Amino acid sequence: MPELPEVETTRAGIAPHLVGQRVVEVKVYQRQLRQPVTPGLATALKGGVINAVERRGKYLLLKSGQGCVIIHLGMSGSLRLVKRDQPLEKHDHVAFLLASGKSLRFRDPRRFGLVLWTRKPPQQHPLITKLGVEPLEANFDGDYLYAAAQKRTVAIKQLIMNGQVVVGVGNIYASEALFRAGVHPARAAKRISRVRYERLVVAIKSVLAEAIKQGGTTLRDFYNGAGEPGYFKQHLKVYGRSGLACVECGAAIRQIVLGQRSTWYCGRCQR
DNA sequence: CAGTCGCCCTGCGTGC
DNA sequence: TGCACGCAGGGCGACT
């Protein structure tokens, strides 16, 4: 489900309802996620005030004076704000009850997501320390990606989806960015020129920024914190379009598998 | 070290 | 209507 634009949309949607709010209670209905929900979370956070809601890659960070909740939405996770007495939905695993009378619900059918608690600064957490650069920040540029690609034979699509290189680029936006840049997704990373990396970085930044503006991509079940879908789906040019005509040249969009993930591209526009 | 693969889990669409 | 199968927006750890 969520790549960087969807996580950022979620963050922006829930932040105004959380910042300054006291957490009255934390309820954990299912602790078995990708990792178990941190056992001390409910006790540690209860009574604390959320000072900030930040994002690092695809991780959401709810910061309080006592520590930080680290949330990852995995493939199917979502967060939404509801009235506290609203009935639980199936797969609601954690609820953060707020003094305002609202409840932040973490729902995740496939349970690939995470809800963790750390007292240390979150950037010191093992899952966060190893993360690569933020794609929308200035230090992600053509030189950086070109340098990261040297000596690497892996397909370029897998390189830009590698969170230790650059965070937040998932399966949808990787295909879309490569199409915009005219780069074939299976091309070995080290076989791409510096100039083409400049173009690719611009493409990644633009596709992510535009998707954020549209509130993300709703394929099936992504909704922002208020329950509204994202509208970037109608701007997708290759993702999920096997056999359909390329919007640029009319050739049929092809589908292959790279790193066990479906990949779409135009064999004529992308080299 | 880089790269490949299996796997965690549930739900949905398709084809028989 | 039911069932089997493949596939899904992610990422880790074991292995070569």
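Worth saying up front: this structure is predicted, and the values here are computed from it rather than measured. Labels below follow one simple rule: chain letters A, B, ... track the order of the sequence lines, proteins then strands, and each chain is numbered from 1.
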How long is the line joining [atom1] of [X] and [atom2] of [N], in whole Å?
{"X": "A:Leu114", "N": "C:dC12", "atom1": "CG", "atom2": "P", "result": "9 Å"}
{"X": "A:Arg107", "N": "B:dG11", "atom1": "CZ", "atom2": "C1'", "result": "10 Å"}
{"X": "A:Lys157", "N": "C:dG10", "atom1": "NZ", "atom2": "P", "result": "9 Å"}
{"X": "A:Leu60", "N": "C:dG10", "atom1": "CG", "atom2": "P", "result": "14 Å"}
{"X": "A:Met161", "N": "B:dG3", "atom1": "CE", "atom2": "P", "result": "15 Å"}
{"X": "A:Leu116", "N": "C:dG10", "atom1": "CG", "atom2": "C1'", "result": "15 Å"}
{"X": "A:Asp108", "N": "C:dG11", "atom1": "CG", "atom2": "P", "result": "13 Å"}
{"X": "A:Arg31", "N": "B:dC9", "atom1": "CZ", "atom2": "P", "result": "16 Å"}

So which one's nearest nucleotide on DNA chain B is more toward 5', A:Arg110 or A:Leu159?
A:Leu159
In terms of the nearest nucleotide of DNA chain B, which residue is placed more toward the 5' end: A:Arg34 or A:Lys90?
A:Arg34
Under the 3.5 Å rule, do the base of C:dA8 and the side chain of A:Arg220 count as making a donor-acceptor pair?
no
Ignoring hydrogens and angles, does a donor from either the side chain of A:Glu3 or the base of C:dG10 sit under 3.5 Å from an acceptor on the other?
no
Check this for me, if you would: do [X] and [Y] make a salt bridge, where the nitrogen-to-carboxylate-oxygen distance has to be below 4.0 angstrom?
{"X": "A:Glu134", "Y": "A:Arg56", "answer": "yes"}
{"X": "A:Arg11", "Y": "A:Glu54", "answer": "no"}
{"X": "A:Asp92", "Y": "A:Arg80", "answer": "yes"}
{"X": "A:Glu25", "Y": "A:Lys46", "answer": "no"}
{"X": "A:Lys213", "Y": "A:Glu8", "answer": "no"}

Tell me whether the side-chain N/O atoms of [X] come closer than 4.0 Å to OP1 or OP2 in [N].
{"X": "A:His91", "N": "B:dG11", "answer": "yes"}
{"X": "A:Ser76", "N": "B:dC9", "answer": "no"}
{"X": "A:Lys58", "N": "C:dG11", "answer": "yes"}
{"X": "A:His72", "N": "C:dG10", "answer": "no"}

Could you tell me whether [X] contacts a base, only the sugar-phosphate backbone, or nothing, with contacts defined as non-hydrogen atoms closer than 4.0 Å?
{"X": "A:Tyr239", "value": "sugar-phosphate"}
{"X": "A:Gln260", "value": "base"}
{"X": "A:Phe232", "value": "nothing"}
{"X": "A:Leu127", "value": "sugar-phosphate"}
{"X": "A:Lys233", "value": "nothing"}
{"X": "A:Arg261", "value": "base"}

Transitive ILVMFWY cluster of A:Leu131, excluding itself - 4.5 Å side-chain cut-off
A:Tyr59, A:Leu61, A:Ile70, A:Leu114, A:Leu116, A:Leu127, A:Ile128, A:Val167
Side-chain heavy-atom pair A:Phe140, A:Ile204 within 4.5 angstrom cut-off:
yes
Involving DNA chain C, stems made of at least three consecutive Watson-Crick or G-U pairs, both distances under 3.5 Å:
B:2-8 with C:10-16, B:10-16 with C:2-8
Please round to the nearest 0.5 Å and tell me the distance separating atom OG1 of A:Thr9 and atom CD of A:Glu3.
11.5 Å
From the options A:Val201, A:Leu208, A:Val202, select the one residue that forms a side chain to side chain contact (heavy atoms under 4.5 Å, CB included) with A:Lys205.
A:Val201
Compare the minimum distances between each of [options] and the side chain of [X], then state the nucleotide with the smallest one.
{"X": "A:Arg111", "options": "C:dA8, B:dC8, B:dT10", "answer": "B:dT10"}
{"X": "A:Val154", "options": "B:dT4, C:dA8, C:dG11", "answer": "B:dT4"}
{"X": "A:Arg152", "options": "B:dA2, B:dG11, C:dG9", "answer": "B:dA2"}

Quick test of the criterion, 5.5 Å between centres and less than 30° between planes. Is A:Phe112 stacked on C:dG11 or not?
no
Rounded P spacing from C:dG6 to B:dG6 in Å:
14 Å
For DNA chain C, whose closest nucleotide is more 5', that of A:Tyr59 or that of A:Ser262?
A:Ser262
